[in-house]
Amino acid sequence: MPELPEVETTRRGVAPHLVGRRVSAVAVREGRLRWPVPPDLDPCLRGQRLEAVERRAKYLLFRFPAGTLLVHLGMSGSLRVVPAGSPPGPHDHVDLAFGERVLRLRDPRRFGSLHWVTGDVAAYPLLARLGPEPLAEGFTPEHLHARARDRRVSAKALLMDGRVVVGVGNIYANESLFRAGIRPTRRSDRLTRADCERLTAAVKAVLTEAIACGGTTLRDFVREDGQPGYFRIALEAYGRGGEPCPRCGTAMRAVRVGQRATVYCPHCQR
DNA sequence: AAATTCTCCTGAAGGC
DNA sequence: TGCCTTCAGGAGAATT
């Protein structure tokens, strides 16, 4: 569920409270996440001063002098800053204590992961082959068209392929394709240059709006109770199978594309 | 080699 | 009311 906007909102939410502080202790209550949490996190991080919190795709990068802690939230993960001594809940798996403030990872489904990377983070296998950031200048219609024309996957699978562009998950792939008027099942090699222009523009617009929307939830990251209450932009396609299309009124169609819930308007999206 | 399917996990929702 | 089944999904791994 955390898509790129939620991850970016998380970054902005936690960074101001932690950057410049030193790790006083690391507590791992449940290390069985998607990959085992490195068993030596505490000695790696203890005493290290957090220099910055960055983001690459849906990974958060906690930069320390000795290395980088990568955090992926999977689909149910969340990070909050809580006061030292706050009792952990059932799915609060990892704490990074910075003195009086604690960065707490909660992840009921445990699809998230932590990685300690020394040296060049960009060369880390999970990051090395990733495509451009959707909101960066490298994500252009030319780039998308070049990656689309020699493949035969669905337009939706193309958008969700991290080698093509990162950070576009199922929800925003649906929304972007709706805005661009492109059917999710359209083969990528049938996307015209004009289609790719509309699609890149739609992706950038949807994600930009969603991030702006997340700004209203920033204060939630230091609450002691409850999950961060992400506000989400009004979704026009995702989850609206059977409902009338917001543009033309035709019944939206729900199908599965690549094992993922997919909704589109058969009239507006070709 | 590219494309598709599988896999991890648990809360929520639906059925009876 | 409550138990059981089904589903959702990020993205790397496995399979076709």
Side-chain angles (χ1 to χ4, degrees), chain A residues 1-11 28-38 55-61 70-79 88-94 105-115 117 121-134 144 146-177 184-191 203 206-207 210 226-230 232 235 237-242 254-263:
Chain A
M1 170 156 131
E3 300 231 11
L4 185 141
E6 286 82 6
V7 177
E8 177 62 21
T9 299
T10 298
R11 187 189 71 77
V28 179
R29 285 176 290 272
E30 173 56 86
R32 295 175 301 170
L33 303 187
R34 179 167 189 192
W35 285 286
V37 174
R55 180 187 57 76
R56 174 74 174 112
K58 293 179 186 170
Y59 290 93
L60 288 169
L61 286 63
L70 287 188
V71 179
H72 197 292
L73 298 176
M75 68 160 290
S76 63
S78 61
L79 287 174
H91 302 295
D92 290 338
H93 304 312
V94 179
L105 172 68
R106 172 175 298 183
D107 188 0
R109 295 182 190 177
R110 312 210 319 257
F111 279 17
S113 57
L114 298 183
H115 314 257
V117 182
V121 188
Y124 190 67
L126 293 175
L127 302 183
R129 301 186 182 193
L130 294 179
E133 289 288 327
L144 187 61
R147 300 306 308 270
R149 63 197 314 170
D150 62 341
R151 301 180 59 192
R152 302 163 68 98
V153 295
S154 66
K156 182 154 179 257
L158 184 78
L159 274 188
M160 295 178 68
D161 185 338
R163 296 167 301 180
V164 175
V165 60
V166 301
V168 182
N170 192 41
I171 292 173
Y172 293 115
N174 276 296
E175 296 305 306
S176 300
L177 288 160
T185 50
R186 175 105 70 89
R187 260 171 50 172
S188 64
D189 60 354
R190 304 278 172 78
L191 290 170
V203 167
V206 167
L207 292 177
Q227 292 278 332
Y230 296 116
R232 181 160 274 163
L235 300 176
Y238 181 81
R240 294 188 173 276
V255 297
R256 291 188 77 79
V257 175
Q259 309 297 87
R260 289 292 178 264
T262 304
V263 178

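Reminder, nothing fancy here: chain letters follow the sequence lines and each chain counts from 1. Quantities reported herein were computed from a predicted structural model and do not represent experimental measurements.
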What's [X] touching, base or sugar-phosphate or nothing? Going by heavy atoms closer than 4.0 Å.
X	value
A:L33	nothing
A:R256	sugar-phosphate
A:R151	sugar-phosphate
A:R110	sugar-phosphate
A:A261	sugar-phosphate

Could you pull out the closest heavy-atom pair between [X] and [Y], with the gap in Å?
X	Y	result
A:D107	A:G112	OD2-N, 2.8 Å
A:S188	A:A148	OG-O, 3.0 Å
A:L144	A:L158	CD1-CD2, 3.8 Å

Inset, instruction - Please round to 10 degrees the angle between the axis of the first five pairs and the axis of the last five pairs in the helix from B:dA2-C:dT16 to B:dC16-C:dG2. - result: 60°
Between [atom2] of [N] and [atom1] of [X], the distance in whole Å:
X	N	atom1	atom2	value
A:R147	B:dA1	CZ	P	16 Å
A:R260	C:dG9	CZ	C1'	5 Å
A:L235	C:dG9	CG	P	12 Å
A:D107	C:dA8	CG	C1'	14 Å
A:Q259	C:dA13	CD	C1'	15 Å
A:E3	C:dG9	CD	C1'	10 Å
A:I171	C:dA8	CD1	P	13 Å
A:Y124	C:dA11	OH	C1'	14 Å

Inset, instruction - Look at the side chain of A:H72 and decide which nucleotide, out of C:dG12, B:dG11, C:dA11, has an atom nearest to it. - result: C:dA11
Inset, instruction - Measure from the side-chain heavy atoms of A:V153 and tell me the nearest of B:dT10, B:dT4, C:dG10. - result: B:dT4
Legend entry - Validation row: A:R55, A:L4 side chains within 4.5 angstrom (heavy atoms): yes
Legend entry - Validation row: A:V153, A:D161 side chains within 4.5 angstrom (heavy atoms): no
Legend entry - Of A:G258 and A:R32, the one whose closest DNA chain B nucleotide lies more 5': A:G258
Inset, instruction - Report the residue (A:R163 or A:F111) whose heavy-atom-nearest nucleotide on DNA chain B is the more 5′ of the two. - result: A:R163
Inset, instruction - Using only heavy-atom distances, decide whether a donor-acceptor pair under 3.5 angstrom links the side-chain of A:R109 to the base of C:dG10. - result: no
Legend entry - Derivation and outcome, side chain to side chain contact (heavy atoms under 4.5 Å, CB included), residues A:L191 and A:R149: CA-CA 7 Å; A:L191 290 170; A:R149 63 197 314 170; over 6 Å; no
Inset, instruction - Check whether any side-chain N or O of A:H91 sits under 4.0 Å from OP1 or OP2 of B:dC9, and answer yes or no. - result: no
Legend entry - Side-chain N or O of A:Y59 closer than 4.0 Å to phosphate OP1/OP2 of C:dG12: yes
Inset, instruction - Assess whether atom CZ of A:R29 is packed by more than 12 heavy atoms of other residues, nucleotides or ligands within 6.0 Å. - result: yes
Legend entry - Residue of the set A:R260, A:K156, A:E175 for which side-chain hydrogen bond (donor to acceptor under 3.5 Å, both in side chains) holds with A:N170: A:K156
